[in-house]
Amino acid sequence: MSNLVNEGSLSSSLDCPLVDGKRQVQHVSARTADVGGIPVNRVLPSRQRRLVGAWCFLDHAGPAVFKSDSAGLRVGPHPHIGLQTFTWMIEGEVLHRDSLGSEQVIRPGQVNLMTAGRGISHTEESVAGASHLHAAQLWIALPEASRNTEPRFDHYAELPRWQAQGVELTLLIGEFDGRRAPPLTFSPLVGLDLEASRAATIGLPLRDDFEYAVLPLDGELEIDGDRFVANELAYLGRGRDEVELSMSAGGRAILIGGEPLGEEVLIWWNFVGHSKAEIAEAQRDWEAGSERFGSIPQWPGERLMPAPLPWKV
């Protein structure tokens, strides 16, 4: 579930300001994009915030109900470098295929993690008969030292789940409160899904060396009396050892965080890199049909192609 992303660089400030001794929370607005025929709310990257740890991209797709004559989600062959694509499925079923030969349906409560490394291509499409879609897709920037790692695909059907203070929690990736999720990581980070069947307030322990953000997916929540509605990112920054979230009945949110990457990160189209030259080379290779990105012969349509590079090569 990817689309055109403008080039961006590391945000300069990792800390929210202190006002009267109280750490503020930054409001980051989403913008609407179309991905494979599905409207999504794109939160990262934005002018307000480029990165949260190594998390460099966040799309909230749905909740969507397909019309009877709709094919649902259909994203044709497209390439990636320098990142991991991370899909958390809440409702619906999507078929993933890639140039490694992977073919995997992701269902609610599961995670697909594709490590692009030096280069991979993939497709995504709704399973025949699927009428709903609700998911979060994120990208994780690979550190410069790992950017050319071998591509791979991993599917995680079982994740740590537990209840606390009236909220059901699922650890999606990384470590949290003594638990560890199985997905592969290349830098210290965390992802956590929170679902409240009734109105609830929950305190979450944090690492003060991580930067964090929370995105309401359904309903709304409050942080220190500050209200956030669905698709409005709450950037917490660094320097916190805990946060208290007040969630509405039926509310759902995702917490992401990580150690600040401390590296310049550029994003253009579906490429994440550490230099313009690296991205330009990847685009030339894709346009030329290089073996670097392989192929997906099962797809009946054309490959997706990027716009011209916005800088001179």
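Since the structure is predicted, the reported quantities are computational estimates derived from the model, not experimental observations.
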How are the rings of H60 and H134 set to each other: parallel, tilted or perpendicular (split at 30° and 60°)? tilted
Mind checking side chain to side chain donor-acceptor pair (under 3.5 Å) for R198 and listing every partner two or more places apart, or none if nothing turns up? none
Report yes if the side chains of I81 and R147 come closer than 4.5 Å at any heavy-atom pair, otherwise no. no
Checking one residue: I120. Which other hydrophobic residues are in its cluster under the side-chain 4.5 Å linking rule? L100, M114, F153
Pairs satisfying salt bridge (charged side-chain N to carboxylate O under 4.0 Å, His left out), at least one member in residues 95-114, at least two apart: E93-R107, R97-E103, R97-E125
Heavy-atom nearest pair, L192 first then L169, reads CD2-CD2, 3.8 Å
Any pair with a residue in residues 129-138 that passes salt bridge (charged side-chain N to carboxylate O under 4.0 Å, His left out), sequence neighbours left out, goes on the list, sorted by first then second residue, please. none
Please report the C-alpha distance between V94 and T87 in whole Å, then the side-chain angles of each, then the deciding distance to 0.1 Å, and finally whether the side-chain contact (heavy atoms from CB on, under 4.5 Å) criterion is met. CA-CA 10 Å; V94 169; T87 303; over 6 Å; no
Can you tell me how far OG1 of T85 sits from CG of L113, rounded to the nearest 0.5 angstrom? 6.5 Å
Please list all pairs meeting ring pair (Phe, Tyr, Trp, His ring centres under 6.0 Å) that have one or both residues in residues 216-236, counting only residues at least two apart or in different chains. H27-F228
Does R180 have more than 12 heavy atoms from other residues, nucleotides or ligands lying within 6.0 Å of its CZ? yes
In terms of heavy-atom contacts, F176 and P205 come closest through CE1-O, 3.3 Å
Mind jotting down which residue pairs meet the side-chain hydrogen bond (donor to acceptor under 3.5 Å, both in side chains) criterion with at least one end in residues 109-118? Sequence neighbours excluded, please. Q84-T115, Q110-H155, N112-H155, R118-E150
Which heavy atom in L261 sits nearest to a heavy atom in A54, and how many Å separate them? CD1-CB, 4.2 Å
I'd like to check W286 versus R292 (side-chain heavy atoms, cut-off strictly below 4.5 Å). Are they in contact? no
Using the ring of each side chain (for Trp, its six-membered ring), is H80 parallel, tilted or perpendicular to W139, with breaks at 30° and 60°? perpendicular
